[in-house]
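One structure is given below, encoded as structure tokens.
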Amino acid sequence: MSNDPLSVTTRTSWISRLGSAFGGVLTGLALILASIALLGWNEGRSVQSIRANKEGAGAVQAVSADRILPSNEGRLIHVSAPAVAPDQRQDAALGVSADGLILTRKIEYYQWVESSKSETRTRLGGGEETVTTYSYDRQWTATPEDSSRFQQPAGHQNPAPAIKNADFRAERAKLGAFTLDDAVLDQVVADRPLTLTPEQAATAASALSRPTRVVEGAFYVGADPAAPQAGDMRVTYLVAPQNSTLSVVAAQTADTLQPYPTKAGAPILMVRAGTASADQMFAQAKAANQTMSWVLRGLGLVVMIAAFGMVLAPLGILADVVPLFGSIIRMGTGLVAGAAGLIVSVIVIALAWFVYRPLVAMAVIAVAAACAGVLLWRGRVAGR
């Protein structure tokens, strides 16, 4: 269901646009520095993680979870066993409890959501006119929407949610003879749906002072699931069950499992559901590090290109006195920003490799030089 859309027109003079653009130059320069810092830091982080994992893979030893050997104190160990916790995990707010290591409450909210679409036109003389159309729909979302921030709050009010997502972790969980604290449990994911009962729904209804029933495995908080109203909720629970096997690589510290300090500087604490060998866990960590490295490189490149675009933006606005000229200039500055961002990002990464991976950097340069030499030689031979 949606209301009639609301259109808002704003006009900005050429002088105001130009002033904002020159202000954006400073932001762009700051973002260039931030991107350089991110790219350099990422290469250092990646190398540190590689060295730490290599160090850990060479030092780890598999042990039994049945008893704690004092001779392993402070050492990096690999242990795999069923995890258990006494008592039950309880959501006291709604009166739901379950056996398991972790009980997770997840909420979906039925509420008003604001969407907007803008169209901008440049007028002769460099001014700009923007027409923004706001529309409102009620839908299920995973996060609460603050309707007071809407362009048109009237008629689209969302009640403040009475409850939100929450995790309930065991305080005295055990992995064989080892005690599991939050350092380990924070890496355990509750993924098994909990079956809810009408009796639990009645308790939740009393706690929330709203009609609550079990619908398709979830609490439906509201009068009528067939005709939801803003403020209705769906509440589901997930559990990490008792006796589920965990594999952990960590430092043995008394009777607990703690992050292992490496000479490389990156601590090691790996937790994986199910039975997994130390080799498998280190291979997974290596793959995750590679993925993170490329994600951050891509992020740094995007930020760098956007920053150069902000630095060059005044040129397009200056030319917007004649809108056609402004479009042409912006096309050119866009290409320049893309090229400059790519070049600077590659240079930063290359310089970071010289700092963190000098041997690899020199090897890459040697291979590139050899390839270039071969191509030049073949070109000369072909030209004779």
* Using 4.0 Å as the upper bound for N to carboxylate O, is an ion pair formed by Arg105 and Asp167? -> no

* **Backbone N/O of Leu31 and side chain of Ser35: donor-acceptor pair under 3.5 Å** => no

* So, Asp91 and Tyr237: side-chain donor and acceptor under 3.5 Å apart, yes or no? -> yes

* Structure fact -> Apart from Val355 itself, members of its ILVMFWY cluster (side-chain separation under 4.5 Å) are Val47, Tyr356

* Does a donor on one side chain sit under 3.5 Å from an acceptor on the other, for Ser49 and Ser46? -> no

* Asked: Can any side-chain N or O of Asp99 pair as donor or acceptor with the backbone N or O of Gln88 at less than 3.5 Å?
  -> no

* side chain to side chain contact (heavy atoms under 4.5 Å, CB included) assessment of Gln252 paired with Arg75 -> CA-CA 6 Å; Gln252 177 180 309; Arg75 293 183 176 180; 5.9 Å; no

* **Within 6.0 Å of CD in Glu171, more than 12 heavy atoms from elsewhere** => no

* salt bridge (charged side-chain N to carboxylate O under 4.0 Å, His left out) partners for Arg272, two or more places apart -> none

* To do: With rounding to the nearest 0.5 Å, note down the distance linking OG1 in Thr256 to CG in Leu175.
  => 12.0 Å

* To do: Please list, chain by chain and in numerical order, all residues satisfying side chain to side chain contact (heavy atoms under 4.5 Å, CB included) with Pro261, sequence neighbours excluded.
  => none

* CE of Met233 to OG1 of Thr236: how many Å apart, nearest 0.5 Å? -> 12.0 Å

* To do: Report yes or no: do Gln111 and Thr141 form a side-chain donor-acceptor pair below 3.5 Å?
  => yes

* Asked: Where do Val214 and Tyr220 land on the side chain to side chain contact (heavy atoms under 4.5 Å, CB included) test, with the steps shown first?
  -> CA-CA 6 Å; Val214 178; Tyr220 187 91; over 6 Å; no

* **Partner set under side chain to side chain contact (heavy atoms under 4.5 Å, CB included) for Pro259, not counting sequence neighbours** => Pro267, Leu269

* Can you list the residues that meet the side chain to side chain contact (heavy atoms under 4.5 Å, CB included) rule with Glu108, with sequence neighbours excluded? -> Trp140, Arg234

* To do: Could you tell me the separation between the OG atom of Ser147 and the CD atom of Gln152, rounded to the nearest 0.5 Å?
  => 12.0 Å

* Do Ile32 and Leu315 belong together in a cluster built from hydrophobic side chains that touch within less than 4.5 Å? -> no

* Taking the hydrophobic residues Ile, Leu, Val, Met, Phe, Trp and Tyr, and joining any pair whose side-chain heavy atoms are under 4.5 Å apart, which ones share a cluster with Ile50? -> none

* Once you round to the nearest 0.5 Å, how far does OG of Ser97 lie from CD of Gln90? -> 5.5 Å

What donor-acceptor contacts under 3.5 angstrom involve side-chain atoms of residues 295-314, with partners at least two apart or in another chain?
{"residue": "Arg297", "atom": "NE", "partner": "Glu43", "partner atom": "OE2", "Å": "2.7"}
{"residue": "Arg297", "atom": "NH2", "partner": "Glu43", "partner atom": "OE1", "Å": "3.0"}
{"residue": "Arg297", "atom": "NH2", "partner": "Glu43", "partner atom": "OE2", "Å": "3.3"}

* Nonpolar side-chain network containing Met270, other nodes, edges under 4.5 Å -> Val60, Leu76, Val249, Tyr260, Ile268, Met281, Phe282

* Is any side-chain heavy atom of Pro82 less than 4.5 Å from a side-chain heavy atom of Gln242? -> no

* Flag if over 12 foreign heavy atoms under 6.0 Å of CD, Glu73 -> yes

* All ring pair (Phe, Tyr, Trp, His ring centres under 6.0 Å) counterparts of Phe150, not counting sequence neighbours -> Tyr136

Side-chain donor-acceptor pairs of residues 176-186 under 3.5 Å, sequence neighbours excluded:
{"residue": "Thr179", "atom": "OG1", "partner": "Lys174", "partner atom": "NZ", "Å": "3.2"}
{"residue": "Thr179", "atom": "OG1", "partner": "Asp255", "partner atom": "OD2", "Å": "3.1"}
{"residue": "Asp181", "atom": "OD1", "partner": "Ala183", "partner atom": "N", "Å": "3.1"}
{"residue": "Asp181", "atom": "OD2", "partner": "Gln258", "partner atom": "NE2", "Å": "2.6"}
{"residue": "Asp186", "atom": "OD1", "partner": "Arg169", "partner atom": "NE", "Å": "3.2"}

* To do: Compute whether any side-chain donor of one residue and acceptor of the other, for Thr120 and Thr130, lie under 3.5 angstrom apart.
  => yes

* Taking atom types as modelled, is there a side-chain donor on Asp146 or Ser148 under 3.5 Å from an acceptor on the other? -> yes

* Heavy-atom pair with the smallest gap, counting every atom of Ala173 and Leu101 -> CB-CD2, 4.1 Å

* Arg67: partners by salt bridge (charged side-chain N to carboxylate O under 4.0 Å, His left out), with sequence neighbours left out -> none

* Short question: side chain of Thr212, backbone of Arg210 - any donor-acceptor pair under 3.5 Å? -> yes

* Just jot down the side chain to side chain contact (heavy atoms under 4.5 Å, CB included) partners of Ala190, sequence neighbours excluded, or say none. => Ile102, Thr104, Leu238, Ala240

